[in-house]
Amino acid sequence: MHSFRYFEPLHIHAILTWIFISFIIILIPLLKKGLEKGIYTKLLGIFMLFAKVFDIYFRIVFEREPWYSTMPLNLCNISLILAGIYLLTNNNLIFNIVYFYFTGAILAVILPNTNPYMYRFYIYVFIGTHILEILAVTYAFILLNAKVTKKGLYVSLVLYLILSCIARVYNNHFGTNFMFLNDYVISAVNFIKPLNLYAVLYTLLFMISMIVTYLPFIYVDNTEIKEENI
């Protein structure tokens, strides 16, 4: 049993390991002449979907978690699955959803769950599944000419509210904390009471973060819309 702590050597080593792996994954198609980028991208998408399946398998079989607590209902889990689908389909709307949700993956890498783990190896699995989402966004910008759009923002906001409602119903039934709506995301914010107020504030804050991540692309998006109308 390993009692995980923020920024312990294992945490830092897992982050650095996956940053290095991500760097190599992006570097290969940039340096390898004659590489079929489409096939390489699809293989990367399959790998991301496999990573999520392996994460669920490991948690159930080795970490002894109940199946209902391993369902991909947290935003990062959903984003990783969508990232894999995006790399397989090159659908820009799906990319937008992944982009507007990936700030959650950054926070999860910095401040992951501090629950005790049966195996230290799971720290690498957890960090890896979240860094892969960040990798997908970076890869899309560098190699796939992905574009952030206002439509993507609107779809992401509406989908987030729908997923939050589903998670709240699921949490109430199984006693879980998907989307961090039935218990605090970190202990530092447990001064916000009651929990319902926290859930509303948490939801609004994340929606604001999505809007903020769109701001750098407003000019580009508006310029492309004007060009299409000419």
Side-chain angles (χ1 to χ4, degrees), residues 15 18-19 21-31 37-38 40-42 44-45 47-49 51-52 72-111 127-165 167 179-180 185 200-230:
I15 292 175
W18 277 102
I19 288 176
I21 292 172
S22 299
F23 177 76
I24 295 300
I25 288 173
I26 292 176
L27 196 62
I28 288 174
L30 290 175
L31 298 181
K37 190 172 69 175
Y40 182 85
T41 299
K42 285 180 170 56
L44 182 58
F47 174 69
M48 290 191 179
L49 294 175
K52 186 63 245 176
L73 290 177
N74 267 334
L75 210 58
C76 291
N77 303 152
I78 296 166
S79 296
L80 180 58
I81 294 171
L82 289 176
I85 294 173
Y86 163 68
L87 293 173
L88 289 170
T89 63
N90 200 25
N91 183 299
N92 196 66
L93 182 59
I94 296 177
F95 162 76
N96 272 255
I97 298 172
V98 177
Y99 170 76
F100 286 115
Y101 294 168
F102 93 112
T103 52
I106 296 174
L107 290 175
V109 168
I110 298 172
L111 300 172
I127 296 297
T129 54
H130 289 79
I131 286 186
L132 283 175
E133 183 189 340
I134 302 170
L135 165 65
V137 173
T138 307
Y139 184 94
F141 278 132
I142 295 175
L143 292 161
L144 301 180
N145 196 31
K147 299 183 185 301
V148 176
T149 66
K150 186 181 295 184
K151 178 182 177 181
L153 172 62
Y154 292 157
V155 171
S156 300
L157 289 169
V158 172
L159 181 61
Y160 175 64
L161 289 175
I162 293 172
L163 292 171
S164 295
C165 291
M179 305 289 279
F180 304 108
V185 59
V200 171
L201 293 175
Y202 179 84
T203 302
L204 288 175
L205 183 61
F206 195 81
M207 293 177 73
I208 292 172
S209 75
M210 283 189 269
I211 296 171
V212 169
T213 55
Y214 174 68
L215 295 180
F217 300 93
I218 287 180
Y219 175 76
V220 176
D221 193 15
N222 289 339
T223 300
E224 290 179 352
I225 291 173
K226 290 177 181 178
E227 290 177 351
E228 289 176 358
N229 292 332
I230 294 175

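- For the atom pair CG (Leu143) and CG (Leu87), the distance works out to 10.5 Å, reported to the nearest 0.5 Å.
- Taken from CD1 in Ile134 to SG in Cys76, the straight-line distance is 8.5 Å, to the nearest 0.5 Å.
- Atom CG of Leu88 is separated from atom CG of Leu44 by 9.0 Å, given to the nearest 0.5 angstrom.
- Taking every heavy atom of both residues into account, Tyr40 and Ile28 meet most closely at OH-CB, 3.7 Å.
- Without hydrogens or angle criteria, Asn96 side chain to Leu153 main chain gives no donor-acceptor distance under 3.5 Å.
- When every heavy atom of Thr103 is checked against every heavy atom of Ser209, the shortest pair comes out as OG1-OG, 4.0 Å.
- Only one option out of Phe102, Tyr160, Phe100 pairs with Phe206 in a ring-ring contact (aromatic ring centres under 6.0 Å, His included); it is Tyr160.
- The two atoms that bring Ile81 and Pro72 nearest to each other are CD1-CB, 3.8 Å, heavy atoms only.
- With sequence neighbours excluded, the residues that form a ring-ring contact (aromatic ring centres under 6.0 Å, His included) with Tyr202 are Tyr198.
- The side-chain hydrogen bond (donor to acceptor under 3.5 Å, both in side chains) search around Thr129 returns none, not counting sequence neighbours.
- By the 4.5 Å heavy-atom criterion applied to side chains, Tyr86 and Ile97 are not counted as neighbours.
- With sequence neighbours left out, the ring-ring contact (aromatic ring centres under 6.0 Å, His included) criterion links Phe141 to Phe95, Tyr99, Phe217.
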